[in-house]
Amino acid sequence: MTDISCDTSFARRDLLKGGGALIVGFSLAGIPLPASAARGDMAGPPDPDAIDTWIAIHADNTATVYFGKCELGQGNTTGMLQIAAEELDLAMSQISAARLDTNVTPNQGATSSSSSIERGGPQLRAAAAEARRALLALASRRLGVQINSLVVTDGVVSVDGEGSFRAVKYGDLIGDKPFNVKFTGTAPQKPSSRYKLVGTRVARVDLPDKMSGRYELVHHLRVPNMLHGRVVLPRGQRAFGAGARPLAVDEASIRHIPSARIVRKGDFVGVVADNEWDAVKAAQALKVTWQEGPELPGNANLFTQMRGQKTTDTVIANRGDIAKGFAGAAHVRSSAYFCPYQGHLPFGPNCALADVRADGALIRSSTQDVYNARAMLARVLDMPAEKVRVQYYEGSGTFGRSCYEDAAQAAAIMSQAVGRPVRVQYMRWDEHGWDNYGPAHLAEVRAGVNAEGKLIAYEYHGWQHGWTVTSTIQDIALQKPGVERASGSASITVNPMSTGSMYVVPNRRVISHAVPMEGYLRGAALRSPLDLSFAFASEQTIDELAYALKMDPLEFRRRNIGDKRWLGVLEAAAKAADWKPRVMASPRSSAEVVRGRGIGLGTHHVSYGAAVADIEVNQRTGVIVARHLYGALDCGLAVNPAQVESQIVGQMIQSASRVLKEEVLFDKHGVTSLDWESYPVMRFAEHPAVTPVVVQRIEEPATGAGEEVMGATVAAIANAFFDATGARLRQYPMTPERVLAALAART
Amino acid sequence: MSDIKIKVNGRESTVSVDPDTPLLYVLMNELALRGPRFGCGLAQCGSCSVLLDGVEVRSCVTPVSKIAGKSVTTLEGLPALYAEQKRLAQAPALHPVSQAFLDRQAPQCGYCYNGMTVKAAELLAQNPKPTEAQIRAHMNGHICRCGTYPLILEAIQLASTRMAGDVR
Ligand code: FES
Ligand code: FES
């Protein structure tokens, strides 16, 4: 593989060159870069309308592709390479991906919402098709034959039927020279019937090095002259909007650690030291008196406060006449549901390395969006964005916006202050205590059926606050209150896809009640944002109606689904689990350990998820153990079914963890969940078996596969609890105390 | 600061650090190893696991001064340790546990796999044919936030079967 030029050293000349190139401006499609300028010399994003931005063919007949979606441990790189190799007719061994870098790779937006393959993929595919067309035109001239008589295998173009007698390699046609071709998006693409790589179980390209210990994570980076930095924050965040204001910093408290230095900027406090252990000790020893913030509701008053607050309300869905619908219902079920704050909490807390100099900055970070990270860093450093270069290095699975921007900003602030490269590693309590949590949610759901078992009315009211657009370190360093994403369509609202849309309901209303974030905890998108909560509330209500009708819950859903793809996943999950029709919670047992089985549906935006859960409930201790989970996912064309299966397994285990165990605890002063003891997650010994089922639809566009079974899993577990015990749990996590209370309240 | 002699993956070296420095920081910074990694610093997660004379320990809470005279094996040293345990002429490229993780395509982000590999290698060295319940119990101190436990379990069973074929 060819080494790519973006992986520069920290040498001063690189930064100077980057700065100098700014005068030249940006490159236009079709105009080659000046001979002296290499890829990476200029601030990006590179021109998305130039094929050279996306693909380079090297003299050794390999290719490098440049895209803007990062590897988060979800197999993304492998999937994107499969797509590009397919269109280019290359083997997987001939193609590699460039590191995401604001001086090198195009801006495809954030790697979030399971959008990589869905939205990033088609763009890369079109670019690869266009590159292939250009290569075939060159080959046609070189070989003196019409384009339509050429075939390509593993990057070798030959005349159809003449084998290797008349053939030329891509590398010999263009080898390391620019295409100078405009990206028109008009090149013909391969029909799915001719796919050789897409849709197959290609092995992950990152795993061999991950298993041998050679893989370089952001945590591994060390550079000469580097200092180790740690942030100093109150243990556990306070109310959003209040920041963290140090009233006094006692420098004498770390005098016994000679190499340690305090760095302050605005309200930001950090320490740097020559070696890591000194930095760790200094951050813990430093005595800071923090200003008390406004009171938080704490877990005890959370939902009462949210429910009583003045909200901004949005009608998300409104069809038919809800009042009329309910008036004609034979059975109506309604309830309130309570869903906790939960954390991203990557297994390895976030880490970043920054080298900030007067004339430019290089920051290495595991951000999900290098260009957005650059814009934020430029603000924090008070530098033009073009002088800031952000390179992506993989961290630990993040599941949305954990503290990666914070680690990068803290490293940058400290590097700027001390004039040396600084590596910041968040400590466990920093990551747990200052996460941008998945927001809490309160739901009031009501649904009704007629005597024939048809859903005729459905109403969902949801209360939640939104997401932050700034980050903690930025807010405190610049002494500005955090900013919540403006309400409206850009903010988090109740997702209509997760609240009854899978059923045909003539009268349906979904209302979102946006609570302002100020005075609550800092929120951000957490994998399958709020879909777990929506499904927990919505699918239990659906199950209750099946029970009211004395009907098998699978059959009830079948009857009310209109879409063949929803039906497809439902049947696939039921078949995998060998579902036997029956009415839930019958017969009921008084044994100490009882078993239950439940079913549920859910999604995020576009794909279709269904799950069946087998659980055990200990009626004496209140402990729930999930035994076996079956999950079916239809994400259209599954580019790599093996990776989709792996995603289903991960989603189901994480969902079981979230519905059974996870809850951010906080009192009126701040968050008290600061480690894996105070925020328990699913452990090895208790994990359920998982049977993943991929419903492959090769003719459909590829849609997200990283979040869409989570809601269904939570719903299936909640419904299985009812099946086992005859009691409903309307609040999660489904902890032993809540289980015992629900069992005691049973009639 | 003191000079401390340590033996890691069969190699002796002298590091100049505070004796209370956790072994993890020495392995990462002084020896530039990529296997052991920071997860919690509290002995709660298993991210930093290494073998100390064949027994898994949490290097984040093990002061470097406490390992004098003992032999440390990290992820990087597992193939050689395996060859020694099995009296193989040559160390395999990967320890059978790592190979099984790879073949089963078990990891997602892979961050927890340092600890998973070390802990599973310890188990199979002590108990070559563990039951599922024994695997679950043995691995329980190791968290995988990506939720790959079922694949880890399968891969350990696969490694156990394959290792039975390697001569001792
Ligand atoms: S880092 Fe040592 S156990 Fe978590
Ligand atoms: S694979 Fe990511 S923590 Fe285990």
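In what follows, every chain begins at residue 1, and chains take the letters A, B, ... in the order their sequences are listed.
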Study note, to complete from the structure: Counting heavy-atom pairs under 4.5 Å with chain A, the top scorer among B:H142, B:R136, B:E154, B:H138 is B:R136

Practice item. Between chain B and each of A:M682, A:K210, A:Q425, A:E276, count heavy-atom pairs under 4.5 Å; write down the option with the most. Key: A:E276

Check your understanding: Picking from A:S657, A:G348, A:G397, which has the most non-hydrogen pairs under 4.5 angstrom with chain B?
Key -> A:G348

Review point. So which part of B:L78 gets closer than 4.5 Å to some heavy atom of chain A, the side chain, the backbone, both or neither?
Key: neither

Check your understanding: Are A:Q654 and A:R527 close enough that a side-chain donor and a side-chain acceptor fall under 3.5 Å?
Key -> yes

Practice item. Check whether A:V681 gets within reach of chain B through its side chain, its backbone, both or neither, counting any heavy atom under 4.5 Å. Key: side chain

Exercise for review: Before accepting this row, confirm whether a basic side-chain N of the pair B:D18/A:K281 lies closer than 4.0 Å to the acidic partner's carboxylate O.
Suggested key: yes

Exercise for review: Would you mind checking which part of A:E645 comes under 4.5 Å of any heavy atom in chain B, side chain (CB onward), backbone (N, CA, C, O), both or neither?
Suggested key: neither

Point to revise | Short side-chain donor-acceptor distance under 3.5 Å, B:Q105 and A:R204 | key: no

Point to revise | Residue, of A:H220, A:H219, A:E394, that accumulates the most heavy atom pairs under 4.5 Å with chain B | key: A:H220

Review point. Using 4.0 Å as the upper bound for N to carboxylate O, is an ion pair formed by B:E12 and B:K7?
Key: no

**Study point:** Between B:I143, B:L151, B:L102, the one whose heavy-atom pairs under 4.5 Å with chain A are most numerous
**Key:** B:I143

Check your understanding: Is it the side chain or the backbone of A:E71 that comes within 4.5 Å of chain B heavy atoms, both, or neither?
Key -> neither

Exercise for review: Please assess B:Q108 against B:T148 for the test side-chain hydrogen bond (donor to acceptor under 3.5 Å, both in side chains), listing each intermediate value before the final yes or no.
Suggested key: CA-CA 7 Å; B:Q108 284 186 13; B:T148 69; over 6 Å; no

**Study point:** B:T74-B:N9 side chain donor-acceptor pair, cut-off 3.5 Å
**Key:** yes

Revision key, fill the gap. Honestly, the part of A:H228 sitting under 4.5 Å from a heavy atom of chain B is side chain

Review point. Is it the backbone or the side chain of A:H687 that comes under 4.5 Å from a heavy atom of chain B, or both, or neither?
Key: both

Review point. Among B:G41, B:A137, B:C45, which has the most heavy-atom pairs under 4.5 Å with chain A?
Key: B:C45

Practice item. Determine the option with the most heavy-atom pairs under 4.5 angstrom with chain A, choosing from B:R34, B:H95, B:M28, B:E30. Key: B:R34

Exercise for review: Answer yes or no on whether B:R37 is positioned over the face of B:Y111, meaning its NZ or CZ is under 6.0 Å from the six-membered ring centre and within 45° of the axis.
Suggested key: yes

Review point. What part of A:E686 gets closer than 4.5 Å to chain B, counting heavy atoms only: side chain, backbone, both or neither?
Key: backbone

Exercise for review: Pick one of side chain, backbone, both or neither for B:S47, based on which atoms fall under 4.5 Å of a heavy atom in chain A.
Suggested key: both

Check your understanding: Between the side chains of A:Y679 and A:E662, is a donor N or O closer than 3.5 angstrom to an acceptor N or O?
Key -> yes

Exercise for review: Select one option (side chain, backbone, both, neither) describing which atoms of A:Y215 are under 4.5 Å from chain B's heavy atoms.
Suggested key: backbone

**Study point:** Which portion of A:L217 sits near chain B, non-hydrogen atoms under 4.5 angstrom
**Key:** side chain

Practice item. Check whether B:F38 gets within reach of chain A through its side chain, its backbone, both or neither, counting any heavy atom under 4.5 Å. Key: both

Check your understanding: Do the side chain of A:R201 and the main chain of A:N640 share a donor and acceptor less than 3.5 angstrom apart?
Key -> no

**Study point:** Proximity breakdown for B:D20 and chain A, heavy-atom pairs closer than 4.5 Å
**Key:** both

Review point. Hey, does A:Y393 have a side-chain heavy atom less than 4.5 Å from the side chain of A:S365?
Key: no

Point to revise | Interchain contact, A:R683 with chain B, by part (heavy-atom threshold 4.5 Å) | key: both

Review point. Is there a side-chain contact between A:S366 and A:Y392 (heavy atoms, below 4.5 Å)?
Key: yes

Point to revise | salt_bridge(B:D103, B:R162) N-O dist < 4.0 Å | key: yes

